[in-house]
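The figures here come from the full heavy-atom set of this structure, side chains too, leaving out hydrogens, waters and symmetry mates. Protein chains get the first letters and strands the later ones, always in sequence-line order, with residue 1 at the start of each.
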Number of protein chains: 2
Amino acid sequence: MTTDASPHSPPPDTDPDADLRPLEIAGHRIDILDGAFSWFIRSLDSVVSRDLDARMGHLEVAKGKGKITALLLIDDYPGIRPSEIAEVLMRDRPTTGRIIDRMVQAGLVSRGVSAHDQRAQSLTITPAGHDLAEKVREIIRQQEAEFFDFIAPEDRAQFMRILRRTYMRMRSKWT
Amino acid sequence: MTTDASPHSPPPDTDPDADLRPLEIAGHRIDILDGAFSWFIRSLDSVVSRDLDARMGHLEVAKGKGKITALLLIDDYPGIRPSEIAEVLMRDRPTTGRIIDRMVQAGLVSRGVSAHDQRAQSLTITPAGHDLAEKVREIIRQQEAEFFDFIAPEDRAQFMRILRRTYMRMRSKWT
DNA sequence: TATTGTTATACTCTATAACTATA
DNA sequence: TATAGTTATAGAGTATAACAATA
């Protein structure tokens, strides 16, 4: 474990018992919440999303969930359908449709009709959309490197493994 | 696609390499997103929050983040101040104030003036608020037991440890 | 009859800046 | 001057049900 002196060195994490102590904030123990997976996941989400919004600045896809994923999917899979995007997002179709509406209006994506099914749409990226996708990918890489730098190197692989597992299992609950 | 003959059978959980394979959804690999902590945390949040909302039904504190935490804090710490709640929530004071407004209007919480500082408020729970807090605690316990049942027993302690660490480190970023 | 996607409605949360009252 | 909290405003996401068109 390196002790690379960071400019803003965080509180001493040298205490091996730190992981076992009850959480204390503003002088109050957060007893009930401590121990609840849901509370941590929801709290983490707020902070990560706020940081991401700040990094996205005023790009078309800032704010909310789903826009980034939808953009990158369309960029990677020309002809993908809204319902497929909805499946990845675990959102309903009205919500997904509105996300796509925006991107079409912003000139990032264009809608076509699927060759195989007249009901379905075929989504493709525009040049402007592709440029944005590249920018977004770079921002995500930066956030991973800069924002999550506090995750101990020895924890990274394990954290990612558990997150992936959790995500895949959650999908089955979603139906 | 009509060539959708590919078997949909997801990887059996028995496969030890499942953790290493790229994620595939709706027949598409989610390459760039796979590997990003932010994406998993944000996706997990959506599902957990939706499940929680469903369990909360039409209780006063359903939907959104912060209401549950605020209610439980006030129930546990009579006289707590809005700014302390804001610190736990990692939210600004306008947002926190509005959460409290609601609870006051719903008769769950009452506002007083701090004995030590005329500027500050002293929040206390009402009988109705206390009853609700008890219900909420039970719902959270149920969700932890039922919804997160898919987290492998051997992963639980480690996942919680990493989540707690991550949460505490994130606080320093919040400022 | 089931599926793909849209429309309409009503309810939320969020961010920012400007304001007051007290310390 | 700094802190505690409020008000005002503008912008966005969310859930639900009902709808049209195609399979």
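- Atom CD in B:Q105 sits about 12 Å away from atom P in C:dT12, given to the nearest Å.
- Whole-Å rounding puts the B:E60 CD to C:dC11 P distance at 14 Å.
- In this structure, the side chain to side chain donor-acceptor pair (under 3.5 Å) partners of B:Q158, at least two apart in sequence or on a different chain, are A:Q158.
- Computed from coordinates, the B:L89 CG to C:dT14 P distance equals 10 Å when rounded to whole Å.
- Look at CG on B:L59: it is 14 Å from P on C:dT12, rounded to the nearest Å.
- A:S122 meets the side chain to side chain donor-acceptor pair (under 3.5 Å) test with no other residue; sequence neighbours excluded.
- Counting only N and O atoms by type, the side chains of B:S110 and B:T124 include a donor and acceptor under 3.5 Å apart.
- Legend: residues meeting side chain to side chain donor-acceptor pair (under 3.5 Å) with A:K67, ordered by chain and number and at least two apart, are absent.
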What nitrogen or oxygen pairs link the protein and nucleotides 17-22 of chain C at under 3.5 Å?
unit_1, atom_1, unit_2, atom_2, d
C:dT22, O2, B:R119, NH1, 3.4

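- Ionic pairing of B:K135 and B:E138 is not present here: no N-O contact between side-chain nitrogen and carboxylate oxygen is shorter than 4.0 angstrom.
- Rounded to whole Å, atom C1' of C:dA15 lies 10 Å from atom CG of A:D53.
- Contacts of B:S114 classified as side chain to side chain donor-acceptor pair (under 3.5 Å), with partners at least two apart in sequence or in another chain: none.
- The shortest distance between the side-chain N/O atoms of A:S83 and the OP1/OP2 oxygens of C:dG5 is below 4.0 Å.
- Across all strands, A:R98 comes closer than 4.0 Å to base atoms (heavy-atom distances).
- We find that CE of B:M103 is positioned 15 Å from C1' of C:dC13, with the value rounded to whole Å.
- In this view, A:F37 and B:F148, B:F159 satisfy the ring-ring contact (aromatic ring centres under 6.0 Å, His included) rule, not counting sequence neighbours.
- Residues passing the side-chain contact (heavy atoms from CB on, under 4.5 Å) test with B:Q105 are B:D101, sequence neighbours excluded.
- Residues passing the ring-ring contact (aromatic ring centres under 6.0 Å, His included) test with A:F40 are B:Y167, sequence neighbours excluded.
- For the pair A:K63 and A:G97, both in contact range of DNA chain C, the more 5′-proximal nearest nucleotide belongs to A:G97.
- Remark: P of C:dC13 and CD1 of B:I100 are 14 Å apart, rounded to the nearest angstrom.
- Extent of DNA chain D lying under 4.0 Å from chain B heavy atoms, first and last nucleotide in 5' to 3' order, is D:dA2 to D:dA15.
- What separates CG of A:D101 from C1' of C:dG5 is a distance of 10 Å, to the nearest Å.
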